[in-house]
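See below for the structure under consideration.
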Amino acid sequence: MNKLRSNYAIFYYGMKEYNHKKIESKWKKVWDKKKIFKTDASPKEKCYVLDMFPYPSGDGLHVGHPKGYIATDVYSRYKKAKGFSILHPMGWDAFGLPAENFAIKNKIHPEIAVKKNVNTFKKQLEVLGFNYDWNREINTTDPEYYKWTQLIFLEMFKRGLAYESFEPINWCPSCKTGLANEDLEDGKCERCGSVIEKKPMRQWVLKITDYAERLLEDLNLLNWSDSIKESQRNWIGKSEGMIFTSPIKGTDIKIETFSAHFEAFAADTFVVIAPDHPLLPKLLEGIPNKKEILDFSARLVKNRSEAGFKEQKEVEGIFTGRYTIDPVENGELPIWVASYALADYGTGIVKCSAHDERDFKFAKKYKIPLKPVLFPADSVLAEKVRNLEICFTDMKSGVLKNPKEFDGKVAGNIRNEIIKYLEKNKLAKRKTTYKLRDWVFSRQRYWGEPIPLVFCVQCKKRAETQEGRIEYHKNFNTGELLNPGWIAIPDEDLPVKLPKVKSYEPSGTGESPLANIASFVNIKCPKCGGKAQRETNTMPQWAGSSWYYAAYAMKSKTTRSTGLLSTPVNGLKAKTEKGLEQFKSAFESWLPVDMYIGGAEHATRHLIYARFWHKFLYDMKIFATKEPFMRFKNVGLIMAPDGRKMSKRFGNVINPDEIVATWGADTLRVYEMFMGPFENAIAWDTQNMIGSRRFLEKIWRLQEKVTNKKLEVINSDLQSLLHQTIKKVGEDIENFNFNTAISSLMILAGALENQEKISKEIYETVLQLISPFAPHITEELWANLGNKKSIYLSPWPMFDSQKIKQSSKLAIQINGKTRDIFEMESEMSEKDIKEKILDLPSVKKWIEGKEVKRIIYVKGKILNIVL
RNA sequence: GCCGCUGUGGUGAAAUUGGUAUACACGCAACACUCAAAAUGUUGAGGGGGAAACCCCGUGUCGGUUCGAGUCCGACCAGCGGCACCA
């Protein structure tokens with residue numbers, strides 16, 4: 001009797017049907033009960049496999065989120081079977097604007113909202129059968145977690161790596177908070193899309209620029225994709241150039257100008273200064289129209305801000321009335337204020353010439369003389385450059401005319417000679433600049449880690465009079481006063497807990513909502529006992545994620561119920577055996593992360609910040625490695641079937657819970673890994689999922705063919721295919737080529753289906769190969785064979801290269817075109833093969849009447865006859 | 001503008017790294033089973049020509065290197081990503 005079932009399920013006589021619901025829930029319970037996913041307490045050869053932890057938004061997961069998690073799950077299951085001790089944890093990045101905005105919108109306290117959302121996320125993840133060790137779960141909003149975030153910040157503060165700044169920073173008028181450069185996209189707020197304003201504000205800033213060179217250099221140690229490394233290189237933006245020092249005529253001021261394209265230095269005819277350059281007012285002292293110039297400059301700054309700091313088409317400027325005396329004998333150069341000069345790059349002052357597009361445009365507009373010294377090889381073009389019809393900027397291929405020493409030389413070839421020339425004559429010195437800016441680290445929002453600092457007026461006075469300074473009020477190198485009056489909360493008083501408030505909406509005044517809570521703000525100064533106030537800004541959402549990978553390792557000492565790291569805090573060092581150093585052996589056991597998976601959108605945010613914090617902790621000798629993430633793969637997005645990003649806004653979200661209910665977690669897992677190359681963005685297609693389901697059903701049906709009897713005739717073709725597949729699946733998982741691993745498993749399954757009977761050994765091997773992808777169904781089938789121990793704990797099958805047969809087919813080519821296939825017999829010599837082939841009618845027909853010039857034979861592959 | 005990545009059937013994509021282009025899967029068509037459908041199985045399929053054997057063309061475009069190029073080199077085109085008034 002046939003029965004109409006759902007349109008994909010099969011019904012099979014004489015065999016239990018493949019009921020994914022029953023199987024999947026059954027095995028999850030067993031795994032949980034037997035604690036098979038518990039991390040080894042003392043790892044042997046370790047493999048740390050990490051997902052970027054999510055921030056638990058209220059929307060829950062869509063079908064695209066688990067792709068990376070499935071991949072790490074497959075990878076870590078494979079590594080486990082290969083005998084590694086694995087660490088594969090999961091946690092929650094729950095501070096920051098997304099969680100807070102969700103909470104405000106839904107009128108729930110962020111803490112409650114986070115708890116609720118974490119539950120939803122966790123349930124959705126658990127359904128997929130991941131091998132996470134939930135004993136190591138972390139949550140950045142847990143005070144037991146963020147006390148360490150605060151501690152690391154304080155250690156940076158105490159070493160002068162955190163400083164108070166009043167410089168204008170990016171301000172998002174809609175999120176009502178200051179932002180770092182990394183939080184912008186195209187001059188707009190990365191979160192809400194509002195146009196950013198520049199606003200002078202009191203901020204805490206981390207000196208990430210101190211690490212710029214190492215962040216750049218150490219990229220070479222990493223096995224990351226080129227595109228991500230390149231993004232970081234662009235972001236750090238190193239350029240090597242020269243600094244020229246020039247006196248200003250009629251004053252005792254000297255200015256410095258930076259140039260990375262100094263090859264045509266002999267062409268400089270004027271100087272521009274940024275309209276917001278701090279030196280400008282001083283420069284204008286004694287100039288009659290000083291006020292006019294300053295007003296004009298202020299307008300340029302305003303215009304720039306209104307244009308969202310993007311390139312403006314029109315260059316504008318005004319003459320300052322001052323001249324520099326050029327160190328390289330270009331004479332007296334007029335100084336102009338120019339709209340395109342940036343105060344915060346290089347020195348903010350530039351020597352200009354005919355060999356820069358903007359300078360050229362500017363000079364033409366204001367009729368400033370130009371004198372080109374660099375020309376293209378093409379004489380017609382060179383003439384145009386000479387006549388100032390076109391601007392020539394190619395410092396590589398251009399030919400120099402001046403100075404005489406370099407006449408006729410190609411600029412790109414003699415860059416080093418020019419550097420030496422400038423250095424030798426003391427005309428300029430080398431200087432490296434970076435586009436990377438220090439990290440604006442405070443937010444005027446509620447939902448973040450409180451910055452554990454206190455401001456004390458009395459201590460400030462004492463700091464300013466030298467005697468009262470404490471160590472961290474002094475810059476190591478210069479002795480200069482640093483953050484006077486700011487006192488660190490003592491380690492033993494950490495965490496500084498986020499107080500409960502009634503209104504956690506941003507004030508918009510540039511003050512954090514915490515500023516209104518007197519009981520939080522007012523405190524005794526930990527240093528002098530006088531009246532003091534707490535810092536009320538909070539940390540950015542990136543703080544907790546900058547070291548979380550290490551927190552998973554720290555959890556080894558505790559159990560689930562005692563909370564994360566509920567040990568006393570005392571600095572980084574083990575003076576009292578209570579600092580971060582007590583975890584050193586755990587860090588040594590597990591760090592660095594061996595395989596890190598996440599979104600490419602973090603290339604210039606989290607992935608830079610975490611490397612910076614890691615390097616700091618490396619310098620503090622807490623971590624033993626220079627880098628946190630040795631290998632990184634970015635997950636290609638799963639797009640909606642309509643080709644757009646999956647988003648609630650477009651109403652095109654596909655919920656994994658529904659997919660799992662109808663098709664099963666195993667099918668979803670296989671499908672997402674089979675879709676295409678891991679790093680590709682691919683549109684979801686529920687239709688296509690049927691192939692993955694059919695594959696699992698085929699594997700299910702194969703159990704009928706299994707026999708315990710020793711098969712008399714060993715099919716050598718099958719044997720070869722099996723070993724080939726073992727080899728391929730292992731290599732493919734290693735390289736994250738999951739799609740081809742699955743296709744080779746499909747080929748093997750097809751071959752097995754054609755067998756009368758299958759030996760138990762072969763079937764077991766096949767199950768093992770599939771188990772990382774489809775853990776539930778393979779566990780069930782494995783148990784059906786009588787295995788008592790989980791397939792998860794079984795060792796990965798070995799392959800024998802001897803058993804992989806070489807192809808016996810030889811492609812016959814005439815002049816490189818394939819014309820026939822030749823079936824070789826074993827033990828044929830090259831000579832035999834050639835003779836046989838030249839005798840084939842299909843070959844004869846081509847060579848008839850022509851001369852065979854050459855025969856190329858590639859063993860076992862190709863024989864090419866050249867006519 | 002600069003830098004990086006990618007371009008292969010109707011679709012997602014393979015290709016041992018210079019050696020039989022289109023594996024595997026979806027979809028499609030025909031057939032088998034069925035009263036019928038579903039499910040499953042078998043077969044077919046890059047384009048063009050031909051009754052057929054077979055032939056010609058074909059991996060974004062145009063050139064080059066090579067016995068042989070999807071793969072290497074040069075120029076260009078398109079898409080995606082990063083940076084961008086960065087001197």
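Since we're looking at a predicted model, the values are computed, not measured. Residue numbers start from 1 in every chain, and the chains themselves are labelled A, B, ... in the order their sequence lines are given, proteins ahead of strands.
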*To the nearest Å, give me how far apart CG (A:Leu745) and P (B:rA14) are.*
16 Å
Could you list all N or O pairs between the protein and nucleotides 3-9 of chain B that sit under 3.5 Å apart?
| unit_1 | atom_1 | unit_2 | atom_2 | d |
| --- | --- | --- | --- | --- |
| B:rC3 | O2' | A:Glu230 | OE2 | 2.8 |

*Side chain of A:Asn680 only, please: which of B:rC86, B:rC55, B:rA13 is the nearest?*
B:rA13
*When all nucleic acid strands are considered with a 4.0 Å heavy-atom cut-off, which category describes A:Lys845: base, sugar-phosphate, or nothing?*
sugar-phosphate
*For the side chain of A:Lys705 and the backbone of A:Glu753, is there at least one donor-acceptor N/O pair under 3.5 Å apart?*
yes
*For A:Asn815, which residues count as a side chain to side chain donor-acceptor pair (under 3.5 Å) partner, sequence neighbours excluded?*
none
*Atom CZ of A:Phe695 and atom P of B:rA39: how far apart are they, to the nearest Å?*
20 Å
*With sequence neighbours left out, which residue pairs that include part of residues 852-867 of chain A fulfil the side chain to side chain donor-acceptor pair (under 3.5 Å) condition?*
none
*Could you encode protein contacts along nucleotides 18-27 of chain B as a string, one character per nucleotide from 5' to 3', using B for base contact, S for sugar-phosphate-only contact and - for no contact, with a heavy-atom cut-off of under 4.0 Å?*
-BBS-BBSSS
*Does A:Lys728 have any side chain to side chain donor-acceptor pair (under 3.5 Å) partners at least two apart in sequence or in another chain, and if so, which?*
A:Asp732
*Run the ring pair (Phe, Tyr, Trp, His ring centres under 6.0 Å) check on A:Trp439 and A:Tyr609 step by step: do they pass?*
CA-CA 9 Å; A:Trp439 177 8; A:Tyr609 294 146; 3.5 Å; yes
Produce the list of close N/O pairs, under 3.5 Å, pairing protein atoms with atoms of nucleotides 75-78 of chain B; give distances to one decimal.
none

_Applying a 4.0 Å non-hydrogen cut-off, can you work out what A:Trp846 is touching in the nucleic acid: base, sugar-phosphate, or nothing?_
sugar-phosphate
*Determine, for nucleotides 44-51 of chain B in 5'-to-3' order, which nucleotides have protein heavy atoms under 4.0 Å from the base (write B), from only the sugar-phosphate (write S), or from neither (write -).*
--------
*salt bridge (Lys or Arg N to Asp or Glu O under 4.0 Å) partners for A:Lys727, two or more places apart*: A:Glu731
*Is there a residue in residues 264-278 of chain A whose heavy atoms reach under 4.0 Å of RNA chain B, and which residues are they?*
none
*Taking side chain to side chain donor-acceptor pair (under 3.5 Å) as the test, write out the residues that go with A:Ser842, two or more places apart.*
A:Asp820
*Please work out the stems of RNA chain B from pairs that are Watson-Crick or G-U wobble with both distances under 3.5 Å, keeping only runs of three or more consecutive pairs.*
B:1-7 with B:77-83, B:10-12 with B:24-26, B:28-32 with B:40-44, B:46-49 with B:54-57, B:60-64 with B:72-76
*asked:* Under 4.0 Å, heavy atoms only, any strand: does A:Gly636 hit a base, just the sugar-phosphate, or nothing?
replied: nothing
_By nearest atom, which of the nucleotides B:rG41, B:rA13, B:rC85 is closest to the A:Arg358 side chain?_
B:rC85
*Which residues pass the salt bridge (Lys or Arg N to Asp or Glu O under 4.0 Å) test with A:Arg644, sequence neighbours left out?*
A:Asp642
*A:Lys365 atom NZ: more than 12 heavy-atom contacts under 6.0 Å*: yes
